[in-house]
There are 2 protein chains.
Amino acid sequence: MKKKKKRNSRKSLKRVTSKGIASRVGVSVMTVSRALNNRPYVGERTRRRILKVAKEFGYSPNHIARSLVMQRTETLGVVVPEISHSFFPEVIKGIEQAAYSAGYHLILTHSAEDEAREKDVISTLESKRVDGLLISTAQTVTSHKTYLDAIRMGTPIVFYDRVVTDIGASCVGINDEECCYMVTDHLAEHGYKAIAHLCGPASVSIGRDRLKGYRKSLSRRGLKLRPDLVIRSGFSEEGGYAATQTLLRLPQISRPDAIVAVNDLAAFGAMRAIAEHKLRIPEDIAIVGMGDVAMAAVVSTPLTTIQQPAFEIGKTAAETLISEVEGRTKPGKRIIIGARLAIRKSCGCS
Amino acid sequence: MKKKKKRNSRKSLKRVTSKGIASRVGVSVMTVSRALNNRPYVGERTRRRILKVAKEFGYSPNHIARSLVMQRTETLGVVVPEISHSFFPEVIKGIEQAAYSAGYHLILTHSAEDEAREKDVISTLESKRVDGLLISTAQTVTSHKTYLDAIRMGTPIVFYDRVVTDIGASCVGINDEECCYMVTDHLAEHGYKAIAHLCGPASVSIGRDRLKGYRKSLSRRGLKLRPDLVIRSGFSEEGGYAATQTLLRLPQISRPDAIVAVNDLAAFGAMRAIAEHKLRIPEDIAIVGMGDVAMAAVVSTPLTTIQQPAFEIGKTAAETLISEVEGRTKPGKRIIIGARLAIRKSCGCS
DNA sequence: TTGTACGCGTTATCAA
DNA sequence: TTGATAACGCGTACAA
């Protein structure tokens, strides 16, 4: 047993490897491997001795080496468009729970709503050989090539919330069209006539589908769709604020009497703009959002919105992905998570 | 060149390796490695051909293999006690930004405020051979052994927000004692006499230090410290609610006229309890928090609190860790991020 | 400028 | 029940 203490590049103790344990116990690495992984074909006495030495030396199995030979990392890559949107932390929590119980880890990345950056993080995620990808698309995406490439190279994707339905990947989210129809119709039902919509980009599923739902309600209610009342706000507070400014600059006569915001954040921005114009909610303008982030219920005029079960979306998405990674199910599912209307003050319908 | 197409365990295309590219281009793997990493000693023509083939085959460098030989993963492990606390997503965003610009990735884990789970995630993080650890301790931790072991095995730790100062690791956070002194003193200065404190566990730095700050203010103001007014709430809304219930069950005469909550979440819980008792804030009971989460400013009675720059804490913590990982600085720093008092309605001092 | 041999820490395979 | 050997995909050291 020649034990040369060669490289000492790191200042600290070199970590024990299975080989190190093997030589200390006087067995081969394979026996150590078997003992450490609770595999059969190891004598009970040998196993105990190995476990003892392993603990004694603070052995930590090297997942990197394991991943290399196993061709699996037991790691999921998560792409979040904007960590600050309080919807997403809740989704992440759901993802984390599902991953943790299944023994998977999470590499978290942030696209910052930027297509180029999204592409970049996906590519590094592939380099890290994650077993699968959980993606909510950035606001500025136009091409799906990055996704397609990843899938083609064997990294399954499950989209959550902002989904891409036409490339064979599974998708988990609410029924955006139906939900936006619900909120819009709630307003229409209560007599609002000039209902505006702060919409998201058409390239993003929830932007597109929610707009559809808005339109459907107007058309069913026999209300005319006024293009000047459909303004692109995007998903941010600032976007909602700016879009609403535009609406409020319309001549008094053609101003909306209600606003359907694509999400709660945009609704908050709208509320801020409305407040600055010294208008009252809902008396002068009613407003509804979608998402039901925690703040929606506690702002000065509580926001009527769609309760979107973020945790469940994350959990379901992760479970779906893991199941596909392990070959138990096939990709291409479209999973709809139930959502419901939360009626509060901002719509003035109570 | 014998090319046996052996294993095809995964259904999809086998990913190209540097060897694959090498044989296609007709050079050795080393030349490929050099070309792909922009290293010298590669003919310009050869380099271009290699790059072309690499792109053509969608080559993705295998970080796993790279990490194994380099003994570095360029990955940081992040432990978050509770993802839902809106303070933490903001911290994560800061961490992510610093990590991304330095070329590091993040493995995100969740201790769920539980010591055993924290130990578990740290151990798997070590197995994944992260280059360093960013930790905010769970509420229930009592022992620091796990941290010490990690450090001893060569994985540096930087604590953020909830720190551990006595084990040689760097810490990044606000000056908790000073800040809690500030809020408490703000109340005392305005004539409140029976100031209660909803405190965190003494085993967690911010619980301990904030209690100290509270005490300091009382003692300097000549107010008696009443043990019945110091109640353990922990860091959650529910905890704040329960603790406040206890306070409100005190005989009228000994009830507090103000409450210093260990954080905003506990303060929200307190507000809920107070509202249920049909008491007014701040007329009947004033309340202040710490943290300044987004909701603090928008709840019906806006909360006076300490503005804690979460993003900056995360960014600084990550930068500090990366710098230590790369051997540019030594561990053991105590970095204080500035915070200031945000006076709003809940303290009744305006 | 390019290539060869070896090692990183682990698991699978097959022989002992 | 155990062990020797060959992968896994890449980088380092040194030879050509």
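Lettering follows sequence order; numbering is per chain, from 1.
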For atom [atom1] of [X] and atom [atom2] of [N], their distance in whole Å:
X	N	atom1	atom2	answer
A:Arg15	C:dC8	CZ	C1'	15 Å
A:Arg66	C:dT11	CZ	C1'	8 Å
A:Glu74	C:dT11	CD	P	11 Å
A:Lys19	D:dT5	NZ	P	13 Å
A:Met70	C:dC8	CE	P	21 Å
B:Ile21	D:dG11	CD1	P	12 Å
A:Ile64	D:dC10	CD1	P	14 Å
B:Arg72	C:dG9	CZ	C1'	18 Å

Report which part of the nucleic acid A:Arg39 touches: base, sugar-phosphate, or nothing (heavy-atom distance under 4.0 Å, all strands).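 If one applies the 4.0 Å heavy-atom cut-off, A:Arg39 turns out to touch the sugar-phosphate alone, with no base involved.
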Could you check whether A:Pro61 gets within reach of a base, just the sugar-phosphate, or nothing at all, counting any heavy atom under 4.0 Å?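 Sugar-phosphate, no base atom in range.
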[X] vs [N]: side-chain N/O to OP1/OP2 distance below 4.0 Å:
X	N	result
B:Tyr59	D:dC10	yes
A:Thr31	D:dT2	no
B:Thr17	D:dG9	no
A:Asn37	C:dT11	yes
B:Ser33	D:dG11	yes
B:Ser28	C:dT2	no
B:Gln71	C:dG7	no
B:Thr46	C:dT2	yes

After noting the C-alpha distance and the side-chain angles of B:Ile167 and B:Val164, does the key distance pass the side-chain contact (heavy atoms from CB on, under 4.5 Å) rule? CA-CA 7 Å; B:Ile167 61 173; B:Val164 176; 3.9 Å; yes
5'-most by nearest nucleotide on DNA chain C - B:Arg129 or B:Gly43: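 Nearer the 5' end of the strand: B:Gly43.
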Decide yes or no on side-chain contact (heavy atoms from CB on, under 4.5 Å) for B:Ile64 and B:Leu68, but give the supporting numbers first. CA-CA 6 Å; B:Ile64 299 291; B:Leu68 187 59; 5.9 Å; no
Step by step, work out the side-chain contact (heavy atoms from CB on, under 4.5 Å) result for B:Val79 and B:Leu134. CA-CA 6 Å; B:Val79 183; B:Leu134 286 161; over 6 Å; no
Ion pair A:Arg48/A:Glu44, N-O distance below 4.0 Å: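 Result for this pair is yes, salt bridge flagged.
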Is it the case that the side chains of A:Glu113 and A:Thr140 hold a donor-acceptor pair, with the cut-off being a distance below 3.5 Å and no angle test?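 Side-chain D/A pair, A:Thr140 to A:Glu113: absent.
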Can you check whether any acceptor in the base of D:dG11 is under 3.5 Å from a donor in the side chain of B:Arg34, or vice versa?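 No.
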Under 3.5 Å, side chain of A:Asn37 to main-chain N/O of A:Ser33, donor-acceptor pair present?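 Confirmed, A:Asn37 side chain pairs with A:Ser33 backbone.
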Which of these nucleotides, C:dT10, D:dG3, D:dG11, is closest to any side-chain atom of A:Met30?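 Side chain of A:Met30 sits closest to D:dG3.
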Which comes earlier along DNA chain D counting from the 5' end, the contact point of B:Val69 or that of A:Val29, where each point is its nearest nucleotide?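 Per heavy-atom nearest nucleotide, the more 5' residue is A:Val29.
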